[in-house]
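Given the structure is predicted, the values throughout are model-derived calculations rather than measurements. Throughout, protein chains are lettered first and strands after them, A, B, ... in sequence-line order, and every chain is numbered starting at 1.
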2 protein chains.
Amino acid sequence: MSIIIEANDSSLKSWINIPDQSDFPIQNIPFGILRHPEFGAVAATRIGDTVIDLCSLARNHYLKDTGADPEVFHRPVLNDFISLGQPVWRAVRNRLSWLFRHDNPALRDNLLLIREAMFDVRDVEMLMPVKVGDYTDFYSSLEHATNVGIMFRDAVNPLLPNWRHIPVGYHGRSSSIVVSGNSIHRPKGQTRGDKDESPVFGPSRQVDFELEMAFITGKQTKLGDSVSVIDAEDHIFGLVLFNDLSARDIQRWEYVPLGPFLAKNFGSVISPWVVTLDALEPFRTVGPVQDPHPLPYLQFEGKKSYDINLEVALIPDGAEEITISRSNFRYMYWNMAQQLAHQTVNGCNINVGDLYGSGTISGPLPESYGSMLELAWKGTKPLRMTDGTERVFINDNDTIILRGFAIKDGIRIGFGEAVTKILPAK
Amino acid sequence: MSIIIEANDSSLKSWINIPDQSDFPIQNIPFGILRHPEFGAVAATRIGDTVIDLCSLARNHYLKDTGADPEVFHRPVLNDFISLGQPVWRAVRNRLSWLFRHDNPALRDNLLLIREAMFDVRDVEMLMPVKVGDYTDFYSSLEHATNVGIMFRDAVNPLLPNWRHIPVGYHGRSSSIVVSGNSIHRPKGQTRGDKDESPVFGPSRQVDFELEMAFITGKQTKLGDSVSVIDAEDHIFGLVLFNDLSARDIQRWEYVPLGPFLAKNFGSVISPWVVTLDALEPFRTVGPVQDPHPLPYLQFEGKKSYDINLEVALIPDGAEEITISRSNFRYMYWNMAQQLAHQTVNGCNINVGDLYGSGTISGPLPESYGSMLELAWKGTKPLRMTDGTERVFINDNDTIILRGFAIKDGIRIGFGEAVTKILPAK
């Protein structure tokens, strides 16, 4: 399975300064969209705390012969670049790795271009990296599904009969996915308490985060075609952190029989840097044992899970940050290849830029649960904040931060942050 | 409520020949996308059996001062034209009405342009009229929800507690929506019979149609904003017929707890001509009484339903067509304004080109049911075809046709057809 990608060489150093504990060493080279002060939206990468405008690099011939025309980097989203295909992403990432290695003067000594094309991350705004055509959210963490089942259905048989056979998923709303840094208003909607005769209308009282990752597809298929588990990863461009904000009280009243709707479409937040599957290659690992054995179209060989540490922090308004969850992407019962094979097994077509959320990623320990619902166990175990207040769900003006990073052999490949503040209802 | 739109004048005649019973008199003037033999995809309208290339009309200055630049009609989809806003759609539709009225020689006598810009509908291919960003499917027919409830849950209390309070809906897959004329392969997937221990994988044995209409939004909103019931119709560009193909056996196994997924995303079919809400203005009617009274954000005044006759026909391979259902859009319990107000009440943003399916439109009588599931009542009442065969669901190589038209004061405004053939599983 293992492939050699030059840019992943762990011995590489860069001539760009990289702070300790940075998510963005020269081995990462993620892709995003930068609001350039002069050119508008351009494709960018990041090394350490430096954001690099790829359009300027390309126009100055530093990316020639990679298969990417300079103008493909001068677009509001990465979709057209991604559509060029895996050989082009790889060539561009390898070229960037070569350009920024410590012993290469080609770009390092072009001070004029460095001044024009490189920015401090604190000075720039990052935009949505892709135009999301369709967005699917899976429900692939055994621990999360089990916790929800215990709380709301049956403590003895918490899993529904289909769960161990199907990577259960549903379609979500693309329009309300925003990039890190955007605040979201608390949603209003219908709720009905267990003892109420009729529903009432008002702001949700149970706004929650969901700690997820999401993958972005990089290759189109035709309606009627399927993607096999074996081929699935070749259809994946990269991953982001994904906060699937949820209003639990709205969800409980609306979701039977057709699933979550307004409980989930008032805003979802992704991190701005798409970390390529190539960059995550060294962090492959085995996933949980699947019992019973899935149907043949979901069977796989090799390591299809990824060892990525995940954290959730909460900042009460005006107080200090506190980490409230530590989980790992490898806890997912169903892996990405299985999810994509399932999504397409009926002939459903995929497009470049589709987003596939993992579902809440809860681990086996209470401190690894991926939602407030589970961490505070349905309101029974309030979380104490740094300012002495307690939380069972998210309060107005709370800020939620998702973080993710993989570490191996001294190399840390990270995702940065997906940050959002919950504002009062409009 | 009533507004005056010049193009709706029922006394108008056209210099284009209009066959009896045509869905496309000069009072309709729908919008679609034509594959032009020379120019590629262009916006078009239709009068009688004549398809008219709007790009050529605009380039020859026949649409000047409407607010639409000729190049906006030279796009693969209508989204950019629709984005110009309601005053522009109205101005273009009124101008087309004026250009084609029987006593106007301005275009009628320009034989060179007529030869270049007008086509017989039998000679052309129509493409997807819009790029669908997000697609929502509602579940707004009381009769359909009741029938499904009786068959699968509880014959005494067939409706779930939320149904009369919420226009229940869920997000669907945009990528697999195709235009009339496309065939769809029978989907494969997991199913599990009531007596089976484990699921099996194979072609669905219960492929069904769903008779729906869908509206297309014409005005964007920002995340966090809501559209009121009063303003909702100003955000609607027009309507199409919508066949929400469904695999009942896949749905039954997968849909708990997050709703339909692979049962619905293998292909959905729309009619090619978007009939504007303006053209449907004369057909407003009162809808069903809503009891209990909905919450204030769903309350409305005036006529928000539309009297549109709907039909479903089935053509077995090599046999004659048979009409298997006759329903009406006015049977919908929740109207479009309520659906859009509900969709956005939590701040969910909408974009131009979003598609909102009504849900299966079943009427009160068995012959007005909008799906095979209901018509054949869960397989217990097979439908006899013209060739003597029977159907309880759709067979391979069956063709399904949806039709819709409104009639009043001798004017018939129709939608044409949404046609699809179900091919064997791949």
Side-chain angles (χ1 to χ4, degrees), chain A residues 133-137 139 160-162 165-166 168-176 178 182 184-185 187-190 192 198-201 204 223-226 247 250 253-263 265-267 292 295-297 342-343 345-351 354 423 426, chain B residues 133-137 139 160-162 165-166 168-176 178 182 184-185 187-190 192 198-201 204 223-226 247 250 253-263 265-267 292 295-297 342-343 345-351 354 423 426:
Chain A
D134 277 291
Y135 147 50
T136 290
D137 198 30
Y139 185 57
L160 287 163
N162 58 12
H165 297 280
I166 292 181
V168 171
Y170 63 101
H171 297 299
R173 181 88 186 175
S174 301
S175 70
S176 51
V178 297
N182 281 278
I184 304 283
H185 285 276
K188 291 180 287 192
Q190 289 193 31
R192 200 188 77 166
S198 296
V200 295
F201 180 79
S204 165
L223 187 62
D225 287 352
S226 302
I250 293 173
W253 172 233
E254 76 172 1
Y255 90 107
V256 176
L258 298 176
F261 184 46
L262 298 191
N265 66 14
F266 60 92
L295 282 164
Y297 80 94
H342 184 65
Q343 170 86 56
V345 75
N346 67 344
C348 179
N349 56 326
I350 62 174
N351 287 308
D354 288 349
L423 302 178
K426 262 194 174 178
Chain B
D134 277 291
Y135 147 50
T136 290
D137 198 30
Y139 185 56
L160 287 163
N162 58 11
H165 297 280
I166 292 180
V168 171
Y170 63 101
H171 297 298
R173 182 88 187 176
S174 301
S175 70
S176 52
V178 297
N182 281 279
I184 304 282
H185 285 276
K188 291 180 286 191
Q190 288 193 32
R192 201 189 75 167
S198 298
V200 295
F201 179 80
S204 166
L223 186 62
D225 287 351
S226 303
I250 293 173
W253 172 233
E254 76 172 2
Y255 90 106
V256 177
L258 299 176
F261 184 47
L262 298 191
N265 65 15
F266 60 93
L295 282 163
Y297 80 94
H342 184 66
Q343 171 85 56
V345 76
N346 67 344
C348 179
N349 55 325
I350 62 173
N351 287 308
D354 288 349
L423 302 178
K426 262 195 174 176

Going by the rule side-chain hydrogen bond (donor to acceptor under 3.5 Å, both in side chains), which residues pair with A/Y255 if we only count those two or more places apart in sequence or in a different chain?
none
Contacts of type side-chain hydrogen bond (donor to acceptor under 3.5 Å, both in side chains), residue B/N265, not counting sequence neighbours
A/H171, A/N346
Among [options], which residue forms the greatest number of heavy-atom pairs with chain B at distances under 4.5 Å?
options: A/P187, A/S174, A/P292; answer: A/S174
options: A/L262, A/V200, A/V345, A/I184; answer: A/L262
options: A/S204, A/G133, A/P260, A/A247; answer: A/P260
options: A/G267, A/G224, A/A263, A/G347; answer: A/G224

Examine whether an atom of [X] lies under 4.5 Å from a heavy atom of chain B, and if so say whether it belongs to the side chain, the backbone or both; otherwise answer neither.
X: A/I166; answer: both
X: A/P296; answer: neither
X: A/K188; answer: both

Atom CH2 of B/W253 and atom CZ of B/R192: how far apart are they, to the nearest 0.5 Å?
4.5 Å
How far apart are the C-alpha atoms of A/Y297 and B/F201, what are their side-chain angles, what is the distance that settles it, and do they pass the ring pair (Phe, Tyr, Trp, His ring centres under 6.0 Å) test?
CA-CA 9 Å; A/Y297 80 94; B/F201 179 80; 4.7 Å; yes
Would you check if A/F261 and A/R173 make a side-chain contact, meaning some heavy-atom pair closer than 4.5 Å?
no
Quick one: does A/L223's side chain get under 4.5 Å of B/H185's, heavy atoms only?
no
Side chain to side chain donor-acceptor pair (under 3.5 Å), paired with B/Q343, selected from B/D354, B/D134, B/T136, B/N349
B/T136
Contact origin within B/L295 toward chain A - heavy atom pairs under 4.5 Å
side chain
Ranking B/S175, B/G259, B/P161, B/S198 by heavy-atom pairs under 4.5 Å to chain A gives rank one to B/S175
